[in-house]
Asker: 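Submitted below is the structure of interest, expressed as structure tokens.
Keep in mind that the numbers below use all heavy atoms, side chains included, and drop hydrogens, waters and symmetry copies. Counting starts at 1 for both ligands and their atoms, in listed order.
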Amino acid sequence: MNVAELGEVMSGLGEPGWRGRQVAEAIYRQRIVDVGSITTLPKGLRDRLTLEGWRVGRPGVVQVFTSVDGTERYLVQGQADALTVETVWMPEGDEGEAGDTAGEEAAGDGSGRKWDRATICVSSQVGCAVNCQFCLTAKLGLQRNLSAGEIAGQVVEVLDRQRVEIGKDRVNLVFMGMGEPFLNYDNFMRAVRLLVEEVGLSPQRMTVSTSGIVPGIERFAEEPAEIRPKLAISLNAPNDEVRSEVMPINRKWPIEAIVDAVRAVRLRAKERVTFEYVLLGGVTDQPKQAAEVARLVRRTGLPAKVNLIAWNPGPGIPYTTPSEGAVEIFRRALGAEGVPVYLRRPRGRDIYAACGQLKRTEEARS
Ligand code: SF4
């Protein structure tokens with residue numbers, strides 16, 4: 001619930017509506033998880049809320065996997081059922097990961113903490129219906145949508161675990177975990193509103209990635225700039241033929257239809273659209289395909305950049321990871337064509353936390 005809805009609950013109980021703000025502060029800023037601890041409310045009101053069955057809370061971490069690179073993968077469970085999703089914490093500290101945020105300065109605060117900035121990868125659905133051939137989450141199929149509270153709640157839970165101070169620490173959100181956010185559009189955008197308005201995160205530090213759900217992109221284009229995250233398109237192929245093979249959803253919404261929809265998004269000053277590109281050995285990593293991708297990106301006329309990701313292996317998926325040499329040749333070929341290109345270093349591969357590896361795997365790889 002947002003402030004207004006919490007205010008209505010309070011009014012319904014015969015309390016002043018402004019108490020809604022106190023409850024929102026407690027849930028989203030102080031990260032309190034039980035009504036009895038909201039000390040800004042009078043004791044009598046807390047007792048009454050508890051007696052009447054009102055609860056505050058959020059999804060909880062039920063299992064943690066820690067990678068050698070500092071990445072943490074959480075299995076997160078809501079309160080509605082036993083299903084879990086995955087949320088990933090990627091600290092970027094001393095090693096200063098190059099990639100999506102390459103060129104930014106690390107903002108050391110002298111606190112001795114291990115990270116200067118960090119990224120949280122957030123899930124939007126349990127499983128996914130999209131069926132990208134390179135993705136482990138696809139193997140689950142769609143089990144259910146997450147509610148707005150479950151999406152925003154993952155973030156608040158991780159902020160709390162990592163003792164993140166809003167307004168001081170630099171934390172990015174990427175909606176690139178399990179699920180296709182634009183197939184759970186209303187809950188996804190409601191979660192974004194909660195995260196911006198109640199938690200206090202900037203939408204300019206959030207990126208949503210879509211496999212190219214055109215009606216979702218069209219709705220997204222209508223969202224006001226104060227609330228709209230940045231947009232990433234999961235491209236993964238140089239043309240429709242290859243894309244339809246690795247992402248069957250392309251048969252429904254081919255590249256040109258996606259690009260047309262993206263053109264309607266009113267980008268902020270200096271904002272760029274990201275094209276995510278998974279390099280599959282022998283399938284999408286050929287140098288001539290790099291030139292094709294460059295032409296494709298230029299043809300869009302959009303301020304854009306390409307994020308390359310060498311495919312992360314998963315059991316039962318018949319692709320290979322390209323060699324480092326092949327990745328480098330591809331990256332250079334794109335760069336030589338004048339396309340801004342970044343290589344995303346895989347994070348947490350050893351614990352199945354990397355891109356395309358989220359499948360509620362309950363064991364880290366040995
Ligand atoms: S890559 Fe994303 S959209 Fe495609 S199947 Fe995996 S989770 Fe779904």
Asker: Taking only heavy atoms of N131 into account, list the atoms of ligand 1 that are under 4.0 Å away from them.
Answerer: 5 (S)
Asker: Do the numbers put K305 on top of the ring of Y342, so that NZ or CZ is under 6.0 Å from the six-membered ring centre and no more than 45° off the axis?
Answerer: yes
Asker: Under a 3.5 Å cutoff, is there a donor and acceptor pairing between the side chains of T284 and Q289?
Answerer: no
Asker: Under 3.5 Å, side chain of R243 to main-chain N/O of P248, donor-acceptor pair present?
Answerer: no
Asker: Which residue supplies the protein heavy atom nearest to atom 7 (S) of ligand 1, what is that atom called, and how far is it?
Answerer: G179 N, 3.6 Å
Asker: Atoms of ligand 1 less than 4.0 Å from A138 heavy atoms?
Answerer: 5 (S)
Asker: Quick one: are the ring centres of Y185 and F220 less than 6.0 Å apart?
Answerer: no
Asker: I'd like to know: is atom 6 (Fe) of ligand 1 within the 2.8 Å range of an N/O/S atom from C135, strictly under that distance?
Answerer: yes
Asker: Looking at atom 8 (Fe) of ligand 1, what's its closest protein heavy atom, distance included?
Answerer: C128 SG, 2.3 Å
Asker: Do the charged groups of E198 and R29 touch, with an N to O distance under 4.0 Å?
Answerer: no
Asker: What part of C132, side chain, backbone, both or neither, has a heavy atom within less than 4.0 angstrom of ligand 1?
Answerer: both
